[in-house]
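Just below is one structure, and these are the notes that go with it.
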Amino acid sequence: GKVAGISRTTLGYNRAFVWTPSATGGSMIEVPAPAGFHSQPVGLNSSGAVAGTTFKYATFYTAGPSFYWPGSGTSFSDLGTGQVVDVNDSGQVLGYVYPTSAFVWKAGVSTTIPTIGMGLLVPADLSNTGQVVGRFNIDYYNIHAFSWKQGAAAPVDLGTLGGTYSDAVAVNDSGQIAGNSTLADESITHAYRTTAGKRMTDLGTLSPGEQSFATAMNKNGVVVGMSSHDGSVFRAFLYDVRMRDLGFLDGSLMPTGINDLK
């Protein structure tokens with residue numbers, strides 16, 4: 001029931017907060033983070049821990065250090081200039097320093113994710129079991145989705161649906177992965193679902209010949225995203241055993257999350 005967000009302070013900074021519900025309506029506290037910066041939450045886990053980033057606006061945008069707050073107290077961990085992506089329920093934080101490295105951090109210990117291909121590896125999601133997914137460059141012309149588990153010598157190349165591009169956007173605790181891939185003709189992208197080492201399942205589209213893009217997945221493997229309906233308008237979809245049309249608002253609708261009730 002906790003909520004993470006951003007609120008303006010009396011000093012003029014936008015700072016990360018966590019709101020906790022209560023019988024009297026709930027309370028908001030500022031998340032401890034590096035001072036002198038705007039801060040924003042990137043991930044909130046089940047215990048209320050927050051991973052986030054900081055930045056300044058002067059004559060131009062300047063990124064500050066990323067941080068991890070354990071959910072209580074005034075202390076936080078400064079994670080340096082890496083871009084954090086997610087935090088799981090065991091307190092692992094996923095991040096990367098583009099284009100040199102990606103990492104999983106926990107309790108002061110950072111584990112570098114081994115690189116493959118050209119070494120340009122961008123992580124996207126982290127499961128509660130520590131599985132990481134994202135995308136990497138095989139070369140300048142081929143980008144593939146990957147999966148990696150701690151202890152593995154190298155990430156697993158998840159392949160594509162026939163084209164030269166794929167990415168992974170979500171992984172659940174069962175190891176199911178959702179993402180997007182171009183087809184053989186390179187002009188069409190479809191959402192997919194897979195597990196590491198298995199062939200991708202093309203989730204199709206709402207209309208024949210159109211495109212689809214996955215954005216999130218729950219613990220049951222249910223995927224949400226958007227699909228073009230007529231070549232221009234995108235409608236939201238939910239895929240469990242088939243693609244279901246969720247409709248649209250103001251001409252388009254992009255789901256960004258799904259809970260585990262479906």
Side-chain angles (χ1 to χ4, degrees), residues 43 85-86 88 94 117 121-129 131-138 141-149 155-262:
V85 174
D86 198 11
N88 67 13
L94 175 64
L121 188 148
V122 180
D125 196 25
L126 171 70
S127 74
N128 289 320
T129 64
Q131 185 174 353
V132 176
V133 297
R135 69 180 191 272
F136 76 99
N137 282 67
I138 294 178
Y141 308 103
N142 294 271
I143 297 174
H144 284 194
F146 77 86
S147 170
W148 178 78
K149 293 182 179 180
V156 175
D157 183 342
L158 300 180
T160 72
L161 291 172
T164 60
Y165 177 88
S166 66
D167 61 33
V169 299
V171 58
N172 63 22
D173 295 347
S174 299
Q176 294 174 299
I177 300 164
N180 307 289
S181 173
T182 54
L183 305 187
D185 68 358
E186 302 293 349
S187 65
I188 298 293
T189 298
H190 281 190
Y192 72 81
R193 187 172 59 195
T194 190
T195 56
K198 301 290 183 66
R199 293 185 63 179
M200 292 177 174
T201 298
D202 188 336
L203 303 189
T205 62
L206 291 175
S207 298
E210 301 299 344
Q211 308 204 56
S212 63
F213 301 89
T215 56
M217 178 177 60
N218 70 9
K219 72 174 185 179
N220 304 311
V222 179
V223 178
V224 292
M226 58 183 182
S227 176
S228 56
H229 177 66
D230 61 0
S232 59
V233 175
F234 281 87
R235 299 170 70 93
F237 75 79
L238 180 148
Y239 187 99
D240 42 18
V241 295
R242 63 181 178 87
M243 187 165 285
R244 304 173 188 272
D245 189 343
L246 300 183
F248 66 97
L249 295 172
D250 297 326
S252 65
L253 176 64
M254 183 178 72
T256 57
I258 179 173
N259 66 20
D260 297 327
L261 297 180
K262 172 61 180 176

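- Of the possible donor and acceptor atoms, none in the side chain of T160 sits under 3.5 Å from a partner among the backbone N and O of T164.
- Panel note: side chain T182, backbone G162; no donor-acceptor pair is recorded below 3.5 Å.
- Nearest heavy atom pair, residue D125 against residue V169, reads CB-O, 3.6 Å.
- A donor-acceptor pair under 3.5 Å links the side-chain atoms of T215 to the main chain of V224, judged by distance alone.
- Atom CG of L238 sits about 5.5 Å away from atom CG of L246, to the nearest 0.5 Å.
- One distance of note links CG of N180 with CG of L203; it measures 9.0 Å at 0.5 Å rounding.
- To the nearest 0.5 Å, the span separating CZ on R244 from CZ on F237 amounts to 12.5 Å.
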Trace of the side-chain contact (heavy atoms from CB on, under 4.5 Å) decision for I177 with S147: CA-CA 8 Å; I177 300 164; S147 170; 3.9 Å; yes

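- With rounding to the nearest 0.5 Å, the separation of CZ in R235 from CG in L206 is 7.5 Å.
- Nearest heavy atom pair, residue L158 against residue A196, reads CD2-CA, 3.8 Å.
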Derivation and outcome, side-chain contact (heavy atoms from CB on, under 4.5 Å), residues I188 and T205: CA-CA 11 Å; I188 298 293; T205 62; 5.8 Å; no

For side-chain contact (heavy atoms from CB on, under 4.5 Å), just list the numbers for D173 and K219, CA-CA rounded to whole Å, side-chain angles, deciding distance to a tenth of an Å, and then say yes or no. CA-CA 6 Å; D173 295 347; K219 72 174 185 179; 6.0 Å; no

Can you check side-chain contact (heavy atoms from CB on, under 4.5 Å) on Y165 and R135, steps first, answer last? CA-CA 9 Å; Y165 177 88; R135 69 180 191 272; 3.9 Å; yes

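- A perpendicular orientation is assigned to the rings of F136 and F146, their planes being inclined by more than 60° (bins at 30° and 60°).
- In this view, N137 satisfies the side chain to side chain donor-acceptor pair (under 3.5 Å) rule with no residue, not counting sequence neighbours.
- Looking at E210 and S227, their side chains never bring a donor and an acceptor atom within 3.5 Å of each other.
- With rounding to the nearest 0.5 angstrom, the CG atom of D202 is 11.5 Å from the OH atom of Y192.
- The minimum heavy-atom distance between M200 and G159, with the atom names listed, is CE-O, 3.0 Å.
- Here D185 pairs with S187 under the side chain to side chain donor-acceptor pair (under 3.5 Å) rule; sequence neighbours left out.
- Atoms CD and OG, on Q131 and S174 in that order, are 10.0 Å from each other to the nearest 0.5 Å.
- Minimum interatomic distance between A145 and S166 (heavy atoms only, all atoms of both residues): N-OG, 2.8 Å.
- Not a single donor-acceptor pair under 3.5 Å links the side chain of T189 to the backbone N or O of Q211.
- In this structure a side-chain-to-backbone donor-acceptor pair under 3.5 Å is present from N220 to D260.
- Partner V222 forms a side chain to side chain contact (heavy atoms under 4.5 Å, CB included) with one of N172, V241, I258 and no other, that one being I258.
- Closest of all the heavy-atom pairs between V85 and P123 is CG2-O, 3.8 Å.
- Formation of a donor-acceptor pair under 3.5 Å by the R193 side chain with backbone atoms of G221 is found in this model.
- Proximity of a side-chain donor or acceptor of D86 to a complementary backbone N or O of L94 within less than 3.5 Å is not detected.
- What you find for Q176 and M217 is that their closest heavy atoms are O-CE, 2.9 Å.
- Shown here are the side chain to side chain donor-acceptor pair (under 3.5 Å) partners of S127, two or more places apart in sequence or in another chain: T129.
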